[in-house]
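Below: one structure, written as structure tokens.
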Amino acid sequence: MRLYFVRHGETDWNKARRVQGHSDILLNEYGKYLARETAVGLADVRFDLAYTSPLMRARETAELILDGKQVPIVVHEKIKELGFGAYEGICISGEHKAPETEEFNKFFTDTAHYVPAQGAESIEELLERTREFLEELYQDQELHDKTILVSSHGAAMTGLLNNIKGKTEVADFWKQGVPPNCAVTIVDVEDEKATIVAENVVYYKD
């Protein structure tokens, strides 16, 4: 099995530094451009199947990458972005910076002491559900010889990759940083063991 993990393209909330989480924000025009350039970069890859988060920014990214290809797209809740509850929609930098930003920024700067807001998920919960998603793929005998696109989000993709690396300490969650929009990580899986072939490859020019 070969997996191509991709973070979605840019949205207006990404650009404005607003917290998205489960908020269903569409790609902006630049985000669509990033996805189309990624499609060019992956044009020679023969995908058998794609999984996408149910959020439209991830689904749009998958659809643009697969445009013109007859590839089934499966929506999967376990690769949805981390839910940030009451933090969703706040601006974390610039002139519209929200007062809650200092506490929220522990999510990036002091992950071990990050406290989810009301209605939010914890990082432990994200790691658990992304681990379960990977196990489902690894154990599905029908997928063992398939090439699969997985379209997800910054924190969710980080959770997926940390599980693959076996690095699941919450304090080290962001050790590798946030994947860029439309960054692609390629992973080979054999006998339920995953090996990262390439990480955070981008196919566009800023």
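From a predicted model like this one, the values you see are computed outputs, not experimental measurements.
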State yes or no: do V201 and V150 share one hydrophobic cluster built from I, L, V, M, F, W and Y residues joined by side-chain heavy-atom distances below 4.5 Å, directly or via other members?
no

Which pair of non-hydrogen atoms, one from P180 and one from Y204, has the smallest distance, and what is that distance?
CB-OH, 4.0 Å

Verify the neighbour count for atom CD of E135: are there more than 12 heavy atoms of other residues, nucleotides or ligands below 6.0 Å?
yes

Mind checking whether F173 and L127 have side chains closer than 4.5 Å, heavy atoms only?
yes

ILVMFWY network linking L82 to V170, side-chain heavy atoms under 4.5 angstrom:
yes

What's the shortest heavy-atom distance between T101 and C91, and which atoms?
OG1-O, 3.2 Å

Stepwise, does the side chain to side chain contact (heavy atoms under 4.5 Å, CB included) test hold for E81 with E88?
CA-CA 12 Å; E81 184 57 300; E88 296 202 8; over 6 Å; no

K165 side chain reached by E199 side chain, heavy atoms, under 4.5 Å:
yes

When rounded to the nearest 0.5 angstrom, what is the spacing between CD in Q20 and OG1 in T11?
3.5 Å

Please examine the side chains of V178 and F108, heavy atoms only from C-beta on, and report whether any two atoms are closer than 4.5 Å.
yes

Is it the case that one hydrophobic cluster holds both V184 and F47, taking links as side-chain heavy atoms less than 4.5 Å apart, direct or via other members?
yes

Test salt bridge (Lys or Arg N to Asp or Glu O under 4.0 Å) on K193 and E190; report intermediate values, then the result.
CA-CA 5 Å; K193 294 181 180 178; E190 187 171 354; over 6 Å; no

Distance-only, no hydrogens or angles: does the T185 side chain make a donor-acceptor pair with backbone N or O of F5 under 3.5 Å?
no

So OG of S122 and CD of E128: to nearest 0.5 Å the spacing works out to 10.0 Å

Check: F133 ring centre within less than 6.0 Å of Y51 ring centre
yes

For a 4.5 angstrom cut-off between non-hydrogen side-chain atoms, does L149 reach V71?
no

Can you confirm whether E142 is buried at CD, in the sense that more than 12 heavy atoms of other residues, nucleotides or ligands lie under 6.0 Å from that atom?
no

Using side-chain contact (heavy atoms from CB on, under 4.5 Å) as the criterion, list what pairs up with K175, not counting sequence neighbours.
D172

Side chains of L27 and L64: closer than 4.5 Å at any heavy-atom pair?
yes

Rounded distance (nearest 0.5 Å) linking atom CG of L42 with atom CD of E37
11.5 Å

Would Y114 end up clustered with I92 when hydrophobic side chains under 4.5 Å apart are linked, directly or stepwise?
yes

Say whether, by atom type as modelled, one donor and one acceptor occur between the side chain of D48 and the main chain of T147 under 3.5 angstrom.
yes

Check whether any side-chain N or O of T130 sits under 3.5 Å from a backbone N or O of A156 as a donor-acceptor pair, and report yes or no.
no

Table please: side-chain donor-acceptor pairs of residues 73-80 below 3.5 Å, with sequence neighbours left out.
from : atom 1 : to   : atom 2 : distance (Å)
H76  : ND1    : K78  : N      : 3.2
H76  : NE2    : E136 : OE1    : 3.0
K78  : NZ     : E132 : OE1    : 3.2
K78  : NZ     : E136 : OE2    : 3.1

Result for side-chain contact (heavy atoms from CB on, under 4.5 Å) between L3 and one of L160, V189, V197 points to V189

Rounded to the nearest 0.5 angstrom, the CG-CD distance for L134 and Q139 is 10.5 Å

From CA spacing to verdict: side chain to side chain contact (heavy atoms under 4.5 Å, CB included), L55, H153
CA-CA 9 Å; L55 298 172; H153 307 263; 3.6 Å; yes

When the aromatic ring centroids of Y87 and F107 are compared, is their separation below 6.0 Å?
no

Under the salt bridge (Lys or Arg N to Asp or Glu O under 4.0 Å) definition, can you give me all pairs with a residue in residues 143-159, not counting sequence neighbours?
none

Under 3.5 Å, is there a donor-acceptor pair between the side chain of S151 and the main chain of T52?
no

Which heavy atom of A58 sits nearest a heavy atom of S152, and at what distance?
CB-O, 4.1 Å

Could you list all the salt bridge (Lys or Arg N to Asp or Glu O under 4.0 Å) pairs where at least one residue sits in residues 1-28, not counting sequence neighbours?
R2-D188

Are I186 and I196 side-chain neighbours, meaning at least one heavy-atom pair lies under 4.5 Å?
no

Less than 4.5 Å apart, side chain to side chain, heavy atoms only: is that true for N181 and N14?
yes

Spatial distance of atom OG1 (T109) from atom CZ (F104) [nearest 0.5 Å]
10.0 Å

Closest heavy-atom contact between Y203 and G41?
CD2-CA, 3.5 Å

Testing the basics here: between Y138 and A194, what is the closest heavy-atom pair and its distance to 0.1 Å?
OH-CB, 3.3 Å

Test E121 against R129 for salt bridge (Lys or Arg N to Asp or Glu O under 4.0 Å), laying out the working first.
CA-CA 11 Å; E121 289 182 285; R129 65 173 164 86; 2.8 Å; yes

Could you pull out the closest heavy-atom pair between A171 and A112, with the gap in Å?
CB-CB, 3.8 Å

H144: which residues meet the side-chain contact (heavy atoms from CB on, under 4.5 Å) condition with it, sequence neighbours left out?
M1, Q141

Between atom OG1 of T111 and atom CD1 of I123, what is the distance when rounded to the nearest 0.5 Å?
5.0 Å

Under 3.5 Å: donor-acceptor pair, side chain of S23, backbone of I25
no

Validation row: V202, C182 side chains within 4.5 angstrom (heavy atoms)
no

Apply side chain to side chain contact (heavy atoms under 4.5 Å, CB included) to the pair N163 and T168, showing each step before the final yes or no.
CA-CA 6 Å; N163 275 301; T168 55; 3.5 Å; yes

NZ/NE/NH1/NH2 to OD/OE distance under 4.0 Å, E29 and K32
yes

Given 3.5 Å as the limit, does a donor-acceptor pair link the side chain of E103 with the main chain of E100, or not?
no

Examine I148 and V45 and state if one hydrophobic cluster contains both, with Ile, Leu, Val, Met, Phe, Trp and Tyr joined whenever side-chain heavy atoms are less than 4.5 Å apart.
no

Mind checking what makes side-chain contact (heavy atoms from CB on, under 4.5 Å) contact with V40, not counting sequence neighbours?
none

Carboxylate-amine/guanidinium contact E60 R57, below 4.0 Å
no

